[in-house]
Amino acid sequence: MWEQQVAFWVLAVAMAAAAIGVVRSRNIVHAALFLVVVLAGAAAQYILLAAEFVAWVQVLIYIGAVVVLFLFGIMLTRAPMHDDAGALDNDQRWGGLVVALFVLGVLIALLVNAFGGKKIHFSNALVSLGRTSHVGTDIFRVFVVPFEVVSMLLLAALVGAVVLARKD
Amino acid sequence: MTRLANPFPGGDPLFNHGLDLTVIGFVIVKTLIVFGLLLVSVLLYIWFMRKVIADMQNRIGPDQAGPFGILQTLADGIKLFFKEHSTPARADRPVYLLAPFVSALAAFLAFAIVPFGGIARLGTHTTFLQLADPPVGVLWLLAMSGIGVYGVMLAGWSSGSKYPLLGSVRASAQVLSYEAAMGLSIVGVLVHTGTLSTRGIVLQQTWQNWHSFVSQWLWLPAIGAFVIFLIAATAETNHPPFDFSEAEEELAGGYHIEYGGIRFAIFYLAEFMNMITMSAIAVTLFLGGPSGPKLGFLNQGGWVNVWIVPVFWFLLKLWVVLYATVWLRASLPRLRYDLLMDLGWKVLIEAAFLWAMVTGVIVVGQDQHWNLWIVTPAAAVAALLVYGFLMMCVPGKRELEDIR
């Protein structure tokens, strides 16, 4: 199992460094590219957990669509790209720190509460759990109601965005 | 069509006995072979394209380098390789240098899932003739074309001037829009095959007799998805009549204006690699990939029928599709940009979505032994009604102007 440990820590350090790059970068496109590194690292972590489908959906959706749309937003609007005169700095470092620590605490508490002390044993059964067909069956049989609720939520957000963006 | 069980459910049998040095050696050799195949295909394709278009326009085309000018692309490549590098003064240097490689890498990796032959046995090892057979299969293709967008986008942005930026925003908007239609059209195939793995998809289209051409190969059972896929893939690869990324009259040349020498050549290479990959995926999904009739007078399990014949069928189908792309390039003028977006968002995405639903009805009907002669037209009529309703909801050109 030591290979997985090594890979985990290499990826984790790279992700943390890139995450610092996202907030430290003075060029907004560079920040978006650092974000791509973080998301790709997350996808690699999923692969380490034998969740291949989730990993590639992460690449497809987050890297292939979400960050591309960020870049689109940056390039199509006249947003400042370089931090020439502090234009990218909203001067809320302390607030940001509090929120970051709060989220970290919530995530740690959740993970320890849910999985504390449990270990993942790699087996063929685990690999087949991560297979596309298995994930699909789970989503559309076991978790169909949450899935539909999330779909409605996203649809509502989409309609809301159109309403807000239209001038008339 | 009938469903066949996948004899290798666990992916490439090369890895069934653990990982050792020979297996790693196999993977490296396979990578080199696939890369070489793709590069040689690009060289031949560019020559082929210029020669065929020249023929269609009553010209001679390249005829100086080598017999029939076949080495012309190689000569161009060598010339570009030795040209001087220059970086624009306002360029964002690291990103500017990275962009061409992102394009080329994504284009090459997308080809990894294409099965270009049957099964190869060497010593005790058995392997598929394809670089990788991940269980997520086709999703890999979509993920890689998503990453390929970065090459276009970053190239335009990092050049630090107006025209490349406009060109890249335009090209990447096009690629993104058509990726949605392409993904949805692939769903129409996946409902038939029940697997994402490209090897699994090809195995379901195995050749049994001449009837397989219409019953096993998916181009007829999934004809709607096939048409949508071809249009969307043409737009996705920025191929004429959708080649807006290099609309020279409007944008001086698109996202790579500021690139020269080998860096430009890498973009050019990536573009044609994408072209070949998309054609190969069309062959894989709809035309049976490497499946085809075997040579009856030879031993069915002999090396000619197991190794050579599938590769021959794959390459033949690939070049037929590639010829069709050249034909398109020679005969169709470029579309207008708003028409391109209309086609993508208002026609292809809805059509692909509805086709996937009709396919679902047909597949369920086959499982449940419904009368398909009633169910299929009913599903098609229902789909057309839904489409008509959607089109009534979309405001037309005139109404949009009224709103403005």
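Labels below follow one simple rule: chain letters A, B, ... track the order of the sequence lines, proteins then strands, and each chain is numbered from 1.
Counting heavy atoms from C-beta outward, B:D92 and A:V29 have side chains that stay 4.5 Å or more apart. A heavy-atom distance below 4.5 Å is found between the side chains of A:V36 and B:Y150.
The 12-atom threshold is not exceeded at OH of A:Y62, counting heavy atoms of other residues, nucleotides or ligands nearer than 6.0 Å. Crowding of B:L21 atom CG: a count of heavy atoms from other residues, nucleotides or ligands under 6.0 Å not exceeding 12. Within a 6.0 Å radius of OH in B:Y96, other residues, nucleotides and ligands contribute more than 12 heavy atoms.
Summarising the geometry of B:V136 relative to A:W56, their closest heavy-atom pair is CG2-CD1, 3.4 Å, with the distance given to 0.1 Å. Of all heavy-atom pairs between B:L176 and A:G64, the closest is CD2-O, 3.8 Å.
Contacts of B:L142 with chain A are made by both backbone and side-chain atoms, with heavy-atom separations under 4.5 Å. Looking at B:V95, the atoms closer than 4.5 Å to chain A (heavy atoms on both sides) all sit in the side chain, from C-beta outward.
Atom CZ of residue A:R131 and atom OG1 of residue B:T195 lie 9.0 Å apart, to the nearest 0.5 angstrom. The distance from the CD atom of B:E179 to the CG atom of A:L60 is 6.5 Å, given to the nearest 0.5 Å.
When B:P134, B:S145, B:A173 are compared by the number of non-hydrogen pairs under 4.5 Å with chain A, B:A173 comes out ahead. Of the listed residues (A:L33, A:V59, A:V57, A:V68), the greatest number of heavy-atom pairs within a distance under 4.5 Å of chain B belongs to A:V68.
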